[in-house]
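Here's a structure for you.
Position 1 is the first residue of the sequence; numbering continues from there. What you see is a predicted model, and the numbers here were worked out from it, not measured in a lab.
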Amino acid sequence: MSSVLDQRRAPAAGGLLSAPPRRRTRVLALPEARWALAALVLFLTALPLKLLDAPVWAWAPLFAATYVTGGWEPGWEGLKALRDKTLDVDLLMVVAALGAAAIGQVLDGALLIIIFATSGALEAVATARTADSVRGLLDLAPTTATRLLTGGGEESVAADSLSIGDIILVRPGERVGADGRVIDGASDVDQATITGEPLPVTKQPGDEVFGGTVNGTGALRVRVEREPADSVIARIVRMVEEASETKAPTQLFIEKIEQRYSIGMVIATLAVFAVPLAFGSALQPALLRAMTFMIVASPCAVVLSTMPPLLSAIANAGRHGVLAKSAVVMERLGQVDVVALDKTGTLTEGTPRVTDIRPLPGHGLDEDELLALAAAAEHPSEHPLARAVVRAAHDRGLNLAEATGFASAPGQGVTAAIGGRTVQVGSPARLASTVGPGTSRVVQELEDEGRTVVLVLRDGVPAGVLGIADRLRPDARATVTALTELTGRTPVLLTGDNERAARHLAAEVGITDVRAGLLPQDKVAAVREWEAEGHRVLVVDDGVNDAPALAAAHSGIAMAGSDLALETADAVVVRNELSAVPAVVALSRKARRLVLQNLAIAGIFIAALVAWDLIATLPLPLGVAGHEGSTLIVGLNGLRLLRETAWPRPVKDTT
């Protein structure tokens, strides 16, 4: 199918915000639908002529045209598959229709072609609707942006022509033209389309903004930091496109047995034809029974049982800000029975703040000097705690010295050279050999208050302690409750933070199993331990430094749309809503139930129709209606997950 993501809407005047049109593919824009409609019109024109005993020359060409318009595309695809030594069920259906015509059942064969073409058109519509839900994201990004020129002045350019380093002006009411960082101005930006935050977020110099978000009443100057093709929106679209092209294990298993089944069905069809002839049956009844058998035994409905529910679930989840990278992921999410949650950025909002600054005596540092020293060392780091330290220094207007020789050890901290002296910033537990009694007393005091403690060393000697606190997400407790109901087991908290801070937070959300002070490799070990016991583990993390745990788990979900999260996790909660985690798990389970329902429906139809044809005499039109009807039923059943009501309602904290 040609990509439906290449079309772009016309730019709004001046790039001002306008309501994006509803991106919905018209049915007749699909070639499968046009051919099916043409075949139907020809069939309905020929049918009354045939029933009224009009001359053969009046209706025969119309039926022939029906066969061509409705059957040429599946027939051609089947011939190409046959050239690759693959037996395609589409080809078998066309052969069955031609066989019916050959024995005088022209009307029945044409009916088979019509229903089969209609089934293919519905499948194409389902695929297009899935693409529509993703393609609409492109409407969020303006097609033009205002680029500021080096010598002064400005110019209107296509948004997709912007380059990293360009400075763009975002006026009040406009959509931001690219992912970047504010360098001047202040405004409230509505970024619900990306993060799901219900209220506008204040943006000041140094803050990141996303392409497609809506500026408020202030003017912003933004430095572009990502190429248009690498923007958050573009990557979301690309990821879901790729997900739609993957196949789940159930689908792969069905396709594996489809070839053997189809070959066996052809052999059985020949037997159904030959055995009655051997016992004296007339040619036409034997051939008609064999053609009917080939139709009703065809596994079309079985083949269509798996992918529509999973693709519909992927599309629905994408509309609600959850990106499942493949159909495999969507199927696996519903199988998890153990959930491991990270603390910072997952159960908490991921925006920790420095609450305590404690210089240690004997180093001559006051609070500002200690904070500036720690912030200079942490400046290159992407960890949320590091950003909190740097943000606190900026809020105080402190100047940061240049750091060289920066090195980061996940779960331990950072090291850098500042002013000719070695500065280490990290967890007291990992720097325990340097901690004396006085320092331990301060650390314990802050940890008892639920703070995450960061120790600052200068030339290997403790110079001070920082206390950092993070706010619990408002939906954290309800999410833990929902995951417990889904899996039958309370989630586990895996964190690198200290034991007391971790247990303090876990008690707030109802988690009893807490494993604290873990390095990334310790989290991997815990995941593998559960996997060895036969559990299917879901790891939910902020995607910053726990890629190994995300990779080791049965499934991994990363919170927020950071660069690293988009690359490492199986699924990404782009809108940063923790409540989306149990929702997507529940949606996956719905999809798996629909797959099982479809397989049961297809199996019952095939078994009943085959038994009828072998034991009694199944009329060809009824066999066609039963076979193609089952195919339509399973296809439409899978599309139920495209509905808005299929997405589980967000959990709410009732405490």
Side-chain angles (χ1 to χ4, degrees), residues 28 30-80 82 88-122 265-266 269-270 272-277 280-298 300 609-610 612-614 616-632:
L28 291 181
L30 302 172
E32 296 89 345
R34 293 197 298 269
W35 286 115
L37 179 61
L40 178 61
V41 170
L42 290 167
F43 177 80
L44 293 178
T45 304
L47 181 61
L49 297 176
K50 168 71 172 174
L51 296 179
L52 293 174
D53 293 326
V56 174
W57 58 263
W59 51 262
L62 294 173
F63 276 127
T66 300
Y67 279 73
V68 173
T69 53
W72 81 266
E73 190 171 28
W76 178 248
E77 292 299 322
L79 289 174
K80 290 195 294 186
L82 193 61
D88 195 298
V89 294
D90 291 358
L91 181 60
L92 296 180
M93 289 298 97
V94 174
V95 169
L98 293 175
I103 59 174
Q105 302 289 331
V106 176
L107 177 60
D108 296 336
L111 180 62
L112 172 58
I113 288 290
I114 291 298
I115 300 179
F116 193 65
T118 303
S119 174
L122 286 177
M265 186 187 71
V266 171
T269 300
L270 294 175
V272 171
F273 173 63
V275 170
L277 286 179
S281 174
L283 174 63
Q284 183 166 331
L287 185 56
L288 183 60
R289 184 188 293 268
M291 289 297 100
T292 304
F293 177 85
M294 176 182 286
I295 292 169
V296 300
S298 176
C300 296
L609 293 173
V610 166
W612 188 348
D613 186 55
L614 294 178
T617 301
L618 174 63
L620 180 60
L622 191 56
V624 169
H627 173 267
E628 296 300 333
S630 66
T631 303
L632 295 178

Evaluate the side-chain contact (heavy atoms from CB on, under 4.5 Å) criterion for residues Val296 and Trp612: first the C-alpha distance (whole Å), next the side-chain angles of each, then the deciding distance (0.1 Å), finally the verdict. CA-CA 10 Å; Val296 300; Trp612 188 348; over 6 Å; no
Partner residues of Ala286 under the side chain to side chain contact (heavy atoms under 4.5 Å, CB included) criterion, sequence neighbours left out: Phe273, Pro276, Leu277, Ser281
Separation between CG (Asp613) and CZ (Arg289), nearest 0.5 Å, reads 5.5 Å
Contacts table for residues 45-63: side-chain donor-acceptor under 3.5 angstrom, sequence neighbours left out:
{"from": "Thr45", "atom 1": "OG1", "to": "Val41", "atom 2": "O", "distance (Å)": "2.7"}
{"from": "Trp59", "atom 1": "NE1", "to": "Ala54", "atom 2": "O", "distance (Å)": "3.1"}
{"from": "Trp59", "atom 1": "NE1", "to": "Pro55", "atom 2": "O", "distance (Å)": "3.4"}

Those residues at least two apart in sequence (or on a different chain) that pass ring-ring contact (aromatic ring centres under 6.0 Å, His included) with Trp72 are Trp35
Working to the nearest 0.5 Å, report the span between CG of Leu609 and CG of Leu622. 7.5 Å
For Ala297, which residues count as a side chain to side chain contact (heavy atoms under 4.5 Å, CB included) partner, sequence neighbours excluded? Tyr261, Met265, Phe293, Val610
Rounded to the nearest 0.5 Å, what separation is found between the CD1 atom of Ile114 and the CG atom of Leu42? 7.5 Å
